[in-house]
Amino acid sequence: MQKQFAPRVFQLGYLALETPDIVRAKDHYAEAIGMTETATGHEGESYLSIGYEHHNIVLRQAKRKAMGHLGFQLNPGTDLKELLGELGAFGLSAQIKSDSQPGIRELVEVEPVPGTTLQLYTDIDAPAPGFKRTGVSPLRLGHVAVISPEGAKLKTFFMDFLGFWFTDTIAGISNFITCNREHHVVNLVTMPDNRVHHIAFQLKGNASHPMACDLLAERGIPVKWGPSRHTAGHNIAGYHYDPDQVLIELYTDMDVFIPELNMCEARPWHGHYPMTPREWRLTELAAWETEFAFSLAQA
């Protein structure tokens, strides 16, 4: 019997970052990226929205940069108490938090592996502050790449408990998984570290890439890699660093995954058909075979 595509979550909603300079970080996400601050927490946390949900990025003042937590939106109608019990049966300790942050009345927090905290919620306020016309003005927060020394265990949790599907791997080190029609929503990188490898925002269209690069250049922010078309996912992507050296991806044209066929919709630039999950080499990051001085694999 064919496995059914039925993830418990359907999108990455937000990501929290700890920063040693919240003023500098806020300036980048508000002005360079083009987000709107919707709330300030009791300890000065900044909640920033791309344009609709209450927040997509959370910034917290800390001694050093770090990944705070990742927020994923559960399918409507999910019972959080039942979810808590299922997490316990899966061997994980979790807790329900009420009003722990603006915009979300209740969520389940769980740490499937040390150093990676997930928040699972059904509802988030939508004050819809509007999409800015300044900055690179992304459409949405699309995916995140997480580095963990326990990448294999983390992958098991995402796939076996949350119901993500595997779509590709790069040398078995970087594993792409999805909970919706995009080629990947999470990229799990197994390395001896606990941090974000990159955060990815979707731009309006391919023509937005040069405009985004020009805007970043005006602010003195170098584009480190791209824009170029990837192999895994085939998205056109460009990368730059935020002030804390957290890598930011701006992308368009992501492959559309069809779980019923375990393949991505065919595109003229695909190198083989059908585009089913496969292993790419570390040297196969750019489909156009463009060589960049900046090593994205080692970032």
Side-chain angles (χ1 to χ4, degrees), residues 7-20 22 25 29 39 41-48 53-74 78 80-81 83-124 141 143-164 175 177 179 184-200 242 244 246-247:
R8 295 175 186 261
V9 300
F10 62 89
Q11 69 174 356
L12 170 67
Y14 57 86
L15 184 143
L17 297 171
E18 296 183 355
T19 170
I22 194 169
Y29 287 96
H42 297 301
E43 298 180 358
E45 310 97 304
S46 178
Y47 294 84
L48 296 148
E53 294 98 346
H54 185 275
H55 55 271
N56 305 106
I57 292 290
V58 182
L59 300 173
R60 301 179 187 276
Q61 183 72 41
K63 291 183 178 180
R64 60 184 63 86
K65 75 167 185 177
M67 177 174 64
H69 52 256
L70 307 175
F72 291 90
Q73 192 161 7
L74 293 156
T78 300
L80 297 188
K81 290 183 179 178
L83 182 67
L84 196 68
E86 292 173 7
L87 283 164
F90 197 75
L92 294 171
S93 175
Q95 60 179 319
I96 293 178
K97 290 187 172 183
S98 299
D99 298 317
S100 63
Q101 61 189 277
I104 300 178
R105 281 166 287 283
E106 201 170 46
L107 58 82
V108 170
E109 186 171 275
V110 61
E111 190 176 14
V113 299
T116 302
T117 300
L118 307 183
Q119 293 184 346
L120 309 173
Y121 62 97
T122 55
D123 301 289
I124 183 170
L141 174 65
H143 61 270
V144 62
V146 176
I147 297 176
S148 171
E150 297 197 55
K153 187 175 179 180
L154 198 53
K155 179 185 171 189
T156 296
F157 173 77
F158 272 102
M159 294 186 66
D160 292 357
F161 186 83
L162 291 181
F164 277 66
N175 292 286
I177 56 176
C179 62
H184 57 280
V185 176
V186 178
N187 179 2
L188 299 173
V189 183
T190 303
M191 292 185 69
D193 204 351
N194 278 302
R195 62 181 175 91
V196 175
H197 180 273
H198 68 265
I199 305 164
D242 81 356
D244 294 321
V246 174
L247 202 58

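In this text, all values refer to a predicted model and were calculated from it rather than measured experimentally.
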Quiz item: Under the criterion side-chain hydrogen bond (donor to acceptor under 3.5 Å, both in side chains), which of Q119, H69, H54 is the partner of Y14?
Solution: Q119
Practice problem: Determine, stepwise, if the pair L83 / L120 fulfils side chain to side chain contact (heavy atoms under 4.5 Å, CB included). | Solution: CA-CA 10 Å; L83 182 67; L120 309 173; 4.0 Å; yes
Quiz item: How many angstroms lie between atom CG of L15 and atom CG of L70, to the nearest 0.5 angstrom?
Solution: 5.0 Å
Practice problem: Could you pull out the closest heavy-atom pair between C179 and V185, with the gap in Å? | Solution: N-CG2, 3.8 Å
Quiz item: Would a 4.5 Å heavy-atom cut-off, applied to side chains only, mark Q101 and Y47 as touching?
Solution: yes
Self-check item: Residues that Y121 engages under side chain to side chain donor-acceptor pair (under 3.5 Å), provided they are two or more places apart
Solution: none
Practice problem: Determine which pairs satisfy salt bridge (charged side-chain N to carboxylate O under 4.0 Å, His left out) with at least one residue from residues 106-119, sequence neighbours left out, and list them in order. | Solution: K97-E109
Quiz prompt | Heavy-atom check, side chain of N187 versus side chain of V146, under 4.5 Å | solution = no
Quiz prompt | side-chain contact (heavy atoms from CB on, under 4.5 Å) against T122, all qualifying residues, sequence neighbours excluded | solution = L74, T78, L80
Quiz item: Which is it for I199 and L247 under the side chain to side chain contact (heavy atoms under 4.5 Å, CB included) test, yes or no, and what are the steps along the way?
Solution: CA-CA 7 Å; I199 305 164; L247 202 58; over 6 Å; no
Self-check item: For Q61, all residues meeting side chain to side chain donor-acceptor pair (under 3.5 Å), sequence neighbours excluded
Solution: none
Self-check item: Residue pairs passing the salt bridge (charged side-chain N to carboxylate O under 4.0 Å, His left out) test where at least one lies in residues 184-197, sequence neighbours excluded
Solution: D193-R195
Quiz prompt | Minimum side-chain heavy-atom gap V110-T117 below 4.5 Å | solution = no
Show me the side-chain donor-acceptor pairs of residues 153-163 shorter than 3.5 Å, one per line, residues at least two apart or across chains.
residue: T156; atom: OG1; partner: A152; partner atom: O; Å: 3.1

Self-check item: E45: partners by salt bridge (Lys or Arg N to Asp or Glu O under 4.0 Å), with sequence neighbours left out
Solution: R60
Exercise. Please identify each residue that fulfils salt bridge (Lys or Arg N to Asp or Glu O under 4.0 Å) with D244, with sequence neighbours left out.
Key: R24
Quiz item: Under the 3.5 angstrom rule, does the side chain of N56 hit a backbone N or O of G13 as a donor-acceptor pair?
Solution: yes
Practice problem: Of all the heavy-atom pairs spanning L107 and S100, show the shortest one and how long it is. | Solution: CD2-OG, 3.7 Å
Quiz item: With sequence neighbours left out, what residues match D123 under side chain to side chain donor-acceptor pair (under 3.5 Å)?
Solution: none
Quiz item: Any side-chain heavy-atom pair from E150 and P114 closer than 4.5 angstrom?
Solution: yes
Self-check item: Residues in side-chain contact (heavy atoms from CB on, under 4.5 Å) contact with A200, at least two apart in sequence or another chain
Solution: H143, H198, E249, Y251
Practice problem: Go through the structure and list residues passing side chain to side chain donor-acceptor pair (under 3.5 Å) with E18, not counting sequence neighbours. | Solution: none
Practice problem: Taking the side chain as every heavy atom from C-beta outward, state whether P112 and L118 have any pair of such atoms under 4.5 Å apart. | Solution: yes
Exercise. Return the set of residues passing side-chain contact (heavy atoms from CB on, under 4.5 Å) with K63 (not counting sequence neighbours), or none when no residue passes.
Key: none
